[in-house]
Amino acid sequence: MCGIVGIVGNSPVAARLVDALRRLEYRGYDSAGVATVHEGRMDRRRAEGKLFNLEKKLDAEPLPGTIGIAHTRWATHGVPNETNAHPHFVDGVAVVHNGIIENFSELKDELLAEGAVFESQTDTEVVAHLLAKYTRQGLDHRAAMLATLNRVSGAYALVVMFEDDPGTIMAARFGPPLAIGHGRGEMFLGSDAIALSPFTNEITYLVDGDCAVMTHKGAEIIDYDGKPVKRQSQISQASAFMVDKGNHRHFMEKEIYEQPEIISHALSHYIDFATHTVKANDTAIDFGKVSGLAIAACGTAYLSGLIGKYWFERYARLPVEIDVASEFRYRELPLSPSQAALFISQSGETADTLASLRYCKDNGLKIGAVVNVKESTIARESDAIFPILAGPEIGVASTKAFTCQLAVLAALAIGAGRARGTVTAGDEKAMVKHLAEMPRIMSRVLNDIQPQIEALSRELSRFKDVLYLGRGTSFPLAMEGALKLKEISYIHAEGYAAGELKHGPIALIDEHMPVIVIAPHDRFFEKTVSNMQEVAARGGKIIFITDEKGAAASKLPTMATIALPNVDEIIAPMIFSLPIQLLAYHTAVFMGTDVDQPRNLAKSVTVE
Ligand code: F6R
């Protein structure tokens with residue numbers, strides 16, 4: 001949430017700051033802004049909405065200067081307008097901020113009582129006011145920064161610049177990520193290494209409680225008492241290459257169609273295609289010995305974890321405690337060091353997931369990260385990294401990261417089963433063979449179902465509410481289908497366990513509520529069909545996502561039946577993800593929404 005950048009440069013920085021912001025737009029796109037200092041004067045350009053609005057402003061009114069800071073915003077406090085856009089200026093101090101200053105309201109009251117005048121409704125502005133106040137009281141900039149950091153609480157990454165010191169940028173991290181980039185006679189700061197990749201690949205990650213003072217000569221890192229701390233720099237693998245959409249209309253469409261190839265690549269890391277066995281990845285977690293697993297994640301990543309729970313319990317006989325990370329972190333769940341914990345996150349920066357990780361770490365559990373961004377905070381704080389190798393996911397709605405997470409979890413669960421003696425060599429071979437065949441089946445499905453889904457999406461776009469039902473691993477998939485549809489088409493949708501229908505949601509069924517039933521012909525099929533009967537008996541419209549066997553077995557009238565190839569249970573969740581992703585995508589396209597950057601969302605959620 002919110003992307004921040006800073007450059008202490010030798011040549012004009014405004015265009016470079018915007019280039020870095022473009023790489024951070026996934027973190028928010030409510031507004032953007034840039035500030036520089038030139039010839040002793042600090043100035044800024046800010047614009048509501050996406051980055052191109054700021055670029056237009058900068059074209060009309062360029063911003064000279066070789067030092068500057070910039071921000072792309074995901075609004076927390078205050079509406080997304082130009083006044084609330086960062087950088088915030090107070091008396092020669094400029095601040096950009098990612099996160100939430102939790103005690104901003106008491107600080108604001110104190111500052112107001114002292115006569116401060118606030119321009120914006122943001123929490124960030126208190127930081128600029130505190131810095132200005134301490135500077136007025138005679139503290140030098142470093143002391144003012146430390147005094148300010150000792151007053152604010154919450155989660156923040158802050159970058160600060162002073163009009164009367166055009167050779168220094170200061171920064172602090174407590175929660176959201178912040179990376180220092182080391183250039184030749186120039187220094188950079190950014191929310192991630194990708195933002196800085198065009199400028200340098202030598203990166204130092206700040207950790208919580210670090211304050212950095214950056215000049216042309218380098219970065220000095222101190223704690224909030226001003227004591228020097230040492231942080232190692234590393235060579236980042238982040239690529240400066242900007243991903244494009246290829247022939248696709250949206251990144252989301254491209255990412256859906258990329259899945260067969262990407263999953264094949266991801267699987268090659270975990271399974272041996274020649275012997276049809278799970279590779280014994282030497283990691284800090286011995287799934288053969290642990291007494292149980294704890295899993296925490298958010299949104300789509302949580303739903304992949306929920307499917308993982310079914311697999312770990314069924315195949316490895318390993319009990320799994322799973323929750324959305326925002327609840328997990330506060331549950332005070334009793335844990336034992338004999339358990340291991342897995343944290344699933346595309347970005348590797350999700351605040352609640354990271355807090356849950358730290359809770360488990362404090363309880364002595366071994367930590368595994370199922371992440372896409374290998375240099376992320378969650379990856380760095382884990383004992384074992386299980387990369388999902390999905391490549392950059394640009395569409396805000398997660399698609400390929402979800403199926404890659406599933407592929408990795410499936411391989412881990414089979415491997416755990418082998419290690420625990422609950423999966424025989426024959427079972428392992430059979431399941432791994434199915435995984436190996438999956439990319440080919442995915443390609444076929446994507447090709448075959450597209451016209452039917454597109455036509456169906458036109459009809460679906462006319463409804464206001466949609467219910468998704470599933471049993472077993474199709475239950476989390478029902479929730480994922482509903483999440484995907486609501487986040488990009490803005491149609492209200494809910495996912496339910498099919499067996500729960502008659503415990504409440506059945507009251508909603510009428511001809512205005514399509515019910516999407518996800519039911520491969522598996523051991524739950526008959527039971528799910530009974531639930532479909534209950535919908536049909538009440539005039540509900542059914543969209544039946546099943547396989548060829550299921551389509552042949554059910555005689556119920558449907559609004560549409562999507563019949564996928566018959567596949568083994570272990571790969572069904574990945575295969576059945578495809579129609580639900582495409583259905584959400586095409587429905588959103590018909591509705592004319594901003595598919596890749598839906599309203600109010602951000603790709604990386606670094607606040608609670
Ligand atoms: C939905 C979606 C979100 C993310 C969630 C967690 O399409 O993308 O629900 O899954 O915000 O993000 P990560 O995986 O980065 O921790």
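Quick note: residue numbers are just sequence positions, from 1. First listed ligand is number 1; within each ligand, the first listed atom is number 1. Everything quoted here is computed from the prediction, not taken from an experiment.
- Protein heavy atom in closest approach to atom 11 (O) of ligand 1: Val605 CG2, 4.1 Å.
- Between the choices Ser304, Cys298, Gly348, the shortest heavy-atom distance to atom 5 (C) of ligand 1 belongs to Cys298.
- With distances taken over non-hydrogen atoms, the option nearest atom 8 (O) of ligand 1 out of Ser398, Ser376, Ala584 is Ser398.
- Taking CZ from Phe386 and OH from Tyr270, the interatomic distance works out to 7.0 Å, rounded to the nearest 0.5 Å.
- The protein heavy-atom contact nearest to atom 2 (C) of ligand 1 is Thr300 OG1, 3.7 Å.
- Close contacts between ligand 1 and Ala301 involve ligand atoms 10 (O), 14 (O) [criterion: under 4.0 Å to a heavy atom].
- Between Lys366 and Ala284 the shortest heavy-atom distance is CD-O, 3.4 Å.
- Per-residue contacts place Ala397 under 4.0 angstrom from the following atoms of ligand 1 (heavy atoms of the residue considered): 7 (O).
- Ion pairing between a basic and an acidic side chain is recognised when a charged N comes within 4.0 Å of a carboxylate O; Glu459 and Lys541 show no such pairing.
- Using a 4.0 Å cut-off to heavy atoms of Ser345, the atoms of ligand 1 that qualify are 13 (P), 14 (O), 15 (O), 16 (O).
- In this pair, Phe188 and Phe199 present their aromatic rings parallel. The plane angle is below 30°, not in the 30 to 60° band.
- Ligand 1 places these atoms under 4.0 Å from at least one heavy atom of Lys484: 1 (C), 7 (O).
- Classified by interplanar angle (parallel below 30°, tilted 30° to 60°, perpendicular above 60°), the ring pair His248/Tyr257 is parallel.
- For ligand 1, none of its N or O atoms has an N or O atom of Thr353 under 3.5 Å away.
- Ranking the protein heavy atoms by distance from atom 15 (O) of ligand 1 puts Ser347 OG, 2.6 Å first.
- Under 4.0 Å is where a charged nitrogen must lie from a carboxylate oxygen, and between Arg358 and Asp362 no such pair does.
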For Val515 and Tyr496: C-alpha separation, side-chain torsions, deciding distance, then whether side chain to side chain contact (heavy atoms under 4.5 Å, CB included) applies.
CA-CA 10 Å; Val515 180; Tyr496 267 96; over 6 Å; no
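- Salt bridge annotation for Lys400-Glu393: absent, with no cationic side-chain nitrogen under 4.0 angstrom from a carboxylate oxygen.
- Contact annotation for Val396 and ligand 1: only backbone heavy atoms (N, CA, C, O) come within less than 4.0 Å of the ligand.
- Shortest contact from atom 14 (O) of ligand 1 to any protein heavy atom: Gln346 N, 2.6 Å.
- Rounded to the nearest 0.5 Å, atoms NE2 (His97) and CZ (Phe104) are 11.0 Å apart.
- In this structure, Glu480 pairs ionically with Lys484, as a charged nitrogen and a carboxylate oxygen lie closer than 4.0 Å.
- Here the protein heavy atom with the shortest distance to atom 7 (O) of ligand 1 is Glu487 OE2, 2.4 Å.
- In terms of protein heavy-atom proximity, atom 12 (O) of ligand 1 is nearest to Thr350 OG1, 3.6 Å.
- With a 4.0 Å heavy-atom cut-off, ligand 1 is reached by no atom of Glu349.
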